[in-house]
Amino acid sequence: MKIFNSLTSKKETFKPKIKNEVSIYICGLTPYDDVHIGHARTFINFDVIVKFLRFIGFKVKYVRNITDIDDKIINRAREEDVPALDFSRKYIEEMHKDFLSLSIESPDIEPKVSDHIDEIISMIQSLEEKGYAYRKDESDVFFDIQKFKDYGKLANRTLDQLSAAERTIADLNKNHEADFVLWKIDTDGITWPSPWGEGRPGWHIECSAMSIKYLGEEFDIHGGGLDLKFPHHENEIAQAKCATDKKFASLWMHTGPLRIEDKKMSKSLKNFITVKDILKDFHPEVLRLFFLLTHYRSPIAYSKEGLENAKRVLDKFYTLFSNIKIPSKFNEDKSFREEFISVFQDDFNSPKAISLLQAYAGKAESGRDVSTDRLCTLKVLLNSLGLLLDETENYFKYGEFDLSIEEIEKLISDRNDARENKKFDLADKIRNQLANKGIVLEDLDGKTIWKKS
RNA sequence: GGCUGAGUGGCAGAGUGGUCAUGCAGCGGAUUGCAAAUCCGUCUACGCCGGUUCGAUUCCGACCUCAGCCUCCA
């Protein structure tokens with residue numbers, strides 16, 4: 001298996017530390033607003049990656065954190081006059097609901113920063129003992145990037161380049177402009193006592209502390225959205241390596257951004273579409289397939305047309321299996337499975353793997369190659385990506401309608417009466433009436449079924 | 001400005017030094033009361049300019065355009 005390593009900018013043969021086991025840490029969300037489809041992209045990508053690793057037989061330990069201490073949370077909570085952790089708890093619940101709707105599997109461990117203050121403090125202490133952390137007078141505690149010779153390796157940036165960057169606020173307590181906070185001194189908002197005084201952890205240290213706690217000082221894969229590469233992941237590496245003198249994560253993976261109108265979808269740009277909004281119109285698997293039709297490292301331009309295209313593709317798969325009963329016992333088509341795996345394990349090439357499945361589906365439809373074993377294998381492979389898991393009926397009737405099921409069925413029955421009596425004008429009128437409500441009819445083998453358009 | 005990535009047919013999107021991606025849409029046909037669904041057939045491509053090569057969309061160089069990061073961000 002090959003995986004692109006952001007640290008070396010090369011595809012590398014994947015060799016986990018322990019044979020057949022994978023330890024993976026993914027940076028999760030800061031819960032202070034609804035989950036948007038840019039987040040969904042990242043977590044669906046990693047969901048599929050973890051699923052695939054398990055599918056081919058790896059034992060995976062998957063950790064995905066929640067950053068529940070953050071200035072934005074504190075500020076928003078203050079605006080609403082509720083305790084910060086109550087505020088974030090509310091959005092954690094929303095996040096879990098959204099992820100469940102999207103069939104994103106829960107990680108094995110989902111640690112929160114607020115539960116790991118002790119680990120964070122002791123990591124900062126060891127950085128302090130080794131001379132990587134400093135403070136002036138009673139200032140915040142900073143990490144001294146000039147003491148860490150590999151600083152900038154992940155982002156491919158030198159200290160000079162970092163100095164040259166225009167920074168709006170220069171903190172006079174810092175040795176270098178790019179030094180970052182390990183412990184922020186504060187008495188307002190949510191704080192904990194520490195050897196340096198009342199305060200809270202800086203952003204970055206939590207992920208170093210929690211990944212090491214659950215996966216050890218050296219583990220296989222660390223990932224997240226591309227926007228976390230610098231400074232977040234760069235800083236994580238600095239802290240973890242300096243505190244432990246170990247390698248930390250061997251492989252770094254970053255998912256590409258979701259764009260909307262040629263800009264990255266992000267909370268700060270306020271150009272986001274929430275998961276809840278999308279799921280009003282589209283089945284969750286449509287969103288999943290929309291993402292999988294593009295490689296995880298490439299940017300995706302969000303568009304309604306793109307989602308509609310993904311829907312048509314998924315419709316075809318569901319239609320193919322709508323009349324096929326999958327037997328409980330069948331012989332898996334090994335060569336098909338192997339072909340799929342060999343494509344997918346080249347840096348998780350989902351678009352190529354799906355095109356392979358589409359080609360097989362096409363062959364099956366044409367009646368040229370309809371061995372049940374092969375069809376069943378196709379279903380297994382789609383399922384492995386988190387697709388084709390819903391009942392056909394549910395899938396095609398997903399969404400909101402203006403009409404009740406009873407009303408729809410009454411109209412269908414009226415139309416069929418009209419057809420029996422050759423009153424085709426009336427029949428077509430009823431069909432148009434339903435079409436205007438977003439319901440399409442199909443007359444199959446003397447039976448009429450309906451779908452949401 | 002620095003660093004990184006990308007520009008493929010109407011659209012999405014892989015890939016490759018010389019035979020086909022794949023799918024959606026379109027078009028023609030079968031089927032249907034007419035549609036839909038399904039089936040058969042089918043068109044359109046590699047940003048621009050040079051170079052290497054017998055041959056380049058694929059390798060090299062310049063240019064143009066776009067995006068991401070450099071400040072919070074998945």
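Sequence lines set the chain letters: A, B, ... in the order given, protein chains first and strands last, and positions in each chain run from 1. Being a predicted model, the structure only gives us computed values, none of them experimental.
Remark: A:Thr294 is in phosphate contact with B:G13, judged by side-chain N or O atoms under 4.0 Å from OP1 or OP2. Contact check, A:Lys264 against B:A74: no side-chain N or O comes under 4.0 Å of OP1 or OP2. Between A:Asn156 and the phosphate of B:G2, there is no side-chain N or O to OP1/OP2 separation shorter than 4.0 Å. Residue A:Lys267 places no side-chain N or O under 4.0 Å from the OP1 or OP2 atom of B:C72.
Secondary structure note: stems in RNA chain B built from 3 or more consecutive Watson-Crick or G-U wobble pairs under 3.5 Å occupy B:1-7 with B:64-70, B:10-12 with B:22-24, B:26-30 with B:38-42, B:49-51 with B:59-61.
Comparing the P positions of B:C43 and B:C24 gives a spacing of 16 Å, expressed to the nearest Å. Nucleotides B:G1 and B:A62 have their P atoms positioned 16 Å apart, rounded to a whole Å. Comparing B:A36 with B:C27, their P atoms sit 11 Å apart, to the nearest whole Å.
Counting any heavy atom pair closer than 4.0 Å across all strands shown, A:Asp71 reaches no nucleic acid atom. In this structure, A:Ile449 reaches neither bases nor backbone, as no heavy-atom distance under 4.0 Å exists between it and the strands shown. Contacts of A:Ser298 with the nucleic acid, taken as non-hydrogen atoms under 4.0 Å apart, involve only primed sugar atoms and P, OP1 or OP2. A:Ala40 comes within 4.0 angstrom of nothing in the nucleic acid, heavy atoms only. Backbone-only contact: A:Pro351 has heavy atoms under 4.0 Å from sugar-phosphate atoms and none from a base. Using a 4.0 Å heavy-atom distance criterion, A:Glu442 is classed as a base contact.
Near RNA chain B, meaning a heavy atom under 4.0 Å away, the residues from residues 410-424 of chain A are A:Arg415, A:Arg419, A:Phe424.
The distance from atom OH of A:Tyr32 to atom CG of A:Asn75, rounded to the nearest 0.5 Å, is 10.5 Å.
Summarising the geometry, the separation between NE2 on A:His295 and P on B:G5 is reported as 14 Å, rounded to the nearest angstrom. Between the NZ atom of A:Lys72 and the P atom of B:C72 there is a distance of 8 Å, rounded to whole Å.
Relative ring orientation between A:His204 and A:Phe180 is described as perpendicular, the plane-to-plane angle rising above 60° on a 0-90° scale split at 30° and 60°.
Using a 4.0 Å cut-off between charged nitrogen and carboxylate oxygen, A:Lys72 and A:Asp33 do not count as a salt-bridge pair.
Comparing B:A67, B:A74, B:C24 by their closest approach to the side chain of A:Asp262 singles out B:A67.
For A:Tyr398, the ring pair (Phe, Tyr, Trp, His ring centres under 6.0 Å) partners are A:His283, not counting sequence neighbours.
The only member of A:Asp186, A:Asp70, A:Asp68, A:Asp140 that meets salt bridge (charged side-chain N to carboxylate O under 4.0 Å, His left out) when paired with A:Arg200 is A:Asp186. For the side-chain contact (heavy atoms from CB on, under 4.5 Å) test with A:Cys27, the passing option among A:Arg64, A:Glu206, A:His222 is A:His222; the others fail.
A donor-acceptor pair shorter than 3.5 Å cannot be found between the side chains of A:Tyr25 and A:Glu236.
Between the side chain of A:Asp428 and the base of B:G33, at least one donor-acceptor pair of N or O atoms lies under 3.5 Å.
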